Each structure stands twice: as structure tokens, then as C-alpha cells.
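Let me begin by presenting the structure, written as C-alpha cells, before commenting on it.
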Amino acid sequence: MTTIGDIMQTAPVIPVIVADDVDQAEPLARALVAGGLRVLEVTLRTPAALDAIRAMKQVDGAIVGAGTVTNQQELADAIDAGSEFIVSPGLTESLGKAAIREGVPFLPGISNAGDIMRGLDLGLTHFKFFPAMAAGGLPALKALAAPFGQCRFCPTGGITLENARDWLAFDPVLCVGGSWVAPRGAVDEAQVEDLAREAASLSS
């Protein structure tokens with residue numbers, strides 16, 4: 001069975017995708033996968049998101065999950081749409097227990113020690129550090145990670161091509177989440193593939 005750790009180690013950057021138009025979903029996924037970014041997080045922030053997940057799953061090699069999952073109904077909808085992993089902006093006990101019950105790889109957001117401890121109580125060790133830059137940036141994550149050596153992180157929020165390498169150089173960081181590789185709007189597949197290839201080459 002694929003774990004969230006496996007998914008986080010597939011590529012250094014997980015594209016954070018806001019899908020406004022389902023017709024753009026498949027070309028965007030195709031370009032990202034062609035550039036080496038196979039793990040795709042579609043945020044549930046738009047009416048097109050669930051259909052976009054279904055469309056992206058048609059692309060060979062794509063590992064498609066749902067982001068911005070905040071409650072059990074959204075979790076159920078995301079799984080029904082075929083999501084292979086779930087990302088949430090925060091962590092509640094009810095959502096955490098539901099994701100574990102469903103057996104779906106789950107990456108909950110944390111921004112402080114209490115969040116991490118709540119996750120550990122549920123048996124979770126992999127977390128999204130969010131919002132990464134607003135929550136204090138790399139110094140904050142280094143301070144947070146110190147007491148929790150068993151935990152691994154995916155910083156998301158304010159991550160750019162320019163600062164991604166600094167985050168990835170920190171051992172507990174397995175990958176980063178970034179929206180710069182998946183611009184909103186009409187899809188220029190060649191441009192997205194170039195952005196993806198550049199991001200895929202980022203390694204610690």
C-alpha cells in the first residue's frame with residue numbers, strides 16, 4: 001500500500017493546483033507529469049475541483065489528490081472522485097480519524113507544536129507545514145521539528161522556485177508544495193512542462 005511518505009518522496013515539488021475549468025485539467029496534468037512532477041494536489045477551492053481530479057486521473061503516471069479538505073463530507077467527496085491522497089490546511093481529530101479509517105494517505109496541515117502532538121496522538125508523522133512563510137519560514141520549522149525527530153514535512157504557502165532549495169536542504173523536509181508550477185488560466189503545455197522540469201530538478 002502506498003503511504004503518504006512514499007507520495008512525498010516521489011518528486012521534490014507537489015504542484016498546488018486551483019482548477020477553474022475542467023477542460024484545462026487534463027492538459028495541465030499531462031504537462032506536469034511530462035516535466036517530472038507526478039504528484040498533483042487539486043485544491044477543493046473551486047466548483048470544478050472534483051471533476052478536475054477525475055480528469056487528471058486519466059493521465060498516465062499522475063498521482064492525483066485533493067487539497068483544502070476541511071471536513072468529513074469533503075473527504076468523502078474527494079475519495080469518491082478518486083483522490084489518491086488527501087491534504088488539509090489544518091488538523092482536527094474528527095478529520096484525522098476519518099482519513100485513517102478510510103485508509104487514504106493523509107497530509108494534515110500544522111503550524112505549531114500542539115498541532116503536531118495532536119497528529120502524533122492519531123499515529124500521524126507526516127505533516128504539511130502551512131502557511132509556511134507566514135508561520136515563520138524555515139527558522140520556525142527548524143525550531144518546531146527539533147523536538148519531533150520522527151516527523152517529516154511538506155512546507156506549503158509562499159514557497160517559490162527561488163526559496164524551495166533552502167527548504168529542501170533541511171533533512172525533515174521531504175518535498176514542498178508550490179503553485180508557481182501550475183499557473184491558473186489557459187494551459188501552455190510547453191511552458192508548464194518547462195516549469196515542472198525545473199522544479200523536478202530541485203534536490204537537496
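Along the sequence shown, the residues carry numbers beginning at 1. Values below: all heavy atoms of this structure, side chains included; hydrogens, waters and symmetry mates excluded. Predicted model, so just to flag it, every value in this text is computed and none were measured.
Residues Ile86 and Val18 do not share a hydrophobic cluster, defined by chaining ILVMFWY side chains whose heavy atoms lie under 4.5 Å apart. Residues Val13 and Leu138 are members of one and the same hydrophobic cluster, defined by side-chain heavy-atom contacts under 4.5 angstrom among Ile, Leu, Val, Met, Phe, Trp and Tyr. Note on Ile4 and Ile79: separate hydrophobic clusters, where clusters join Ile, Leu, Val, Met, Phe, Trp and Tyr whose side-chain heavy atoms are under 4.5 Å apart, directly or indirectly. Cluster membership for Ile100 and Ile110, using ILVMFWY side-chain heavy atoms within less than 4.5 angstrom, is shared. Residues Val64 and Ile14 fall into different hydrophobic clusters, defined by Ile, Leu, Val, Met, Phe, Trp and Tyr side chains chained together at heavy-atom separations under 4.5 Å.
Residues Glu102 and Leu75 have side chains in contact (heavy-atom distance under 4.5 Å, counting atoms from C-beta outward). Annotation: side chain of Ile63 is not in contact with side chain of Leu40 (no heavy-atom distance under 4.5 Å). Taking the side chain as every heavy atom from C-beta outward, Phe106 and Leu124 approach each other to under 4.5 Å. Between His126 and Leu174 there is a side-chain heavy-atom pair separated by less than 4.5 Å. Residues Leu120 and Gln150 form a side-chain contact, since some pair of their non-hydrogen atoms from C-beta on lies under 4.5 Å apart. Here the side chains of Val39 and Phe85 are in contact, with some heavy-atom distance below 4.5 Å.
Salt bridge Arg54/Asp80: present, at least one basic N to carboxylate O contact under 4.0 Å.
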Please list every donor-acceptor pair under 3.5 Å in which a side-chain atom of residues 192-201 meets a protein atom from a residue at least two apart or in another chain.
{"from": "Glu193", "atom 1": "OE2", "to": "Arg197", "atom 2": "NH2", "distance (Å)": "2.7"}
{"from": "Ser201", "atom 1": "OG", "to": "Glu198", "atom 2": "O", "distance (Å)": "2.7"}

Go through the steps to decide whether Thr70 and Leu95 satisfy the test side chain to side chain contact (heavy atoms under 4.5 Å, CB included), and finish with yes or no.
CA-CA 7 Å; Thr70 62; Leu95 180 60; 5.7 Å; no
Apply side chain to side chain contact (heavy atoms under 4.5 Å, CB included) to Trp180 and Ile159, showing your working.
CA-CA 8 Å; Trp180 84 88; Ile159 310 295; 4.1 Å; yes
Worked check of side chain to side chain contact (heavy atoms under 4.5 Å, CB included) between Asp115 and Arg118
CA-CA 5 Å; Asp115 291 342; Arg118 190 178 312 121; 3.3 Å; yes
From CA spacing to verdict: side chain to side chain contact (heavy atoms under 4.5 Å, CB included), Leu107, Glu41
CA-CA 11 Å; Leu107 187 66; Glu41 177 191 335; over 6 Å; no
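Taken from CG in Asn163 to CZ in Arg165, the straight-line distance is 11.5 Å, to the nearest 0.5 Å. Here the CD atom belonging to Glu26 is positioned 6.0 Å from the CD atom belonging to Gln58, to the nearest 0.5 angstrom. Note that CG of Asp21 is 11.0 Å distant from CG of Asp51, once rounded to the nearest 0.5 Å. One distance of note links CE of Met8 with CZ of Arg152; it measures 9.5 Å at 0.5 Å rounding. Rounded to the nearest 0.5 angstrom, Ser88 OG and Phe127 CZ are separated by 10.0 Å.
The two atoms that bring Leu168 and Pro12 nearest to each other are CD2-O, 3.7 Å, heavy atoms only. The two residues Ile53 and Val42 make their nearest non-hydrogen contact at CG1-CB, 3.7 Å. Nearest heavy-atom pair, Val104 versus Ser83, reported as atom, atom and distance to 0.1 Å: CG2-O, 4.4 Å. Shortest non-hydrogen contact noted between Gln72 and Ser94 is NE2-CB, 3.7 Å. For the residue pair Cys175 and Ala11, the shortest heavy atom distance occurs at CB-O, 3.6 Å. In this structure, Ala19 and Ala52 approach most closely via the heavy-atom pair CB-CB, 3.5 Å.
Among the candidates Ile116, Leu144, Thr156, Val176, the single residue satisfying the side chain to side chain contact (heavy atoms under 4.5 Å, CB included) test with Phe129 is Leu144.
The number of heavy-atom neighbours closer than 6.0 Å to CD of Gln191, taken from other residues, nucleotides and ligands shown, is above 12. At most 12 non-hydrogen atoms from other residues, nucleotides or ligands lie less than 6.0 angstrom from CG of Asp60.
With hydrogens and angles disregarded, no donor-acceptor distance shorter than 3.5 Å links the side chain of Lys128 to the backbone of Val87.
In this structure, a donor-acceptor pair under 3.5 Å is present between the side chains of Arg45 and Thr68.
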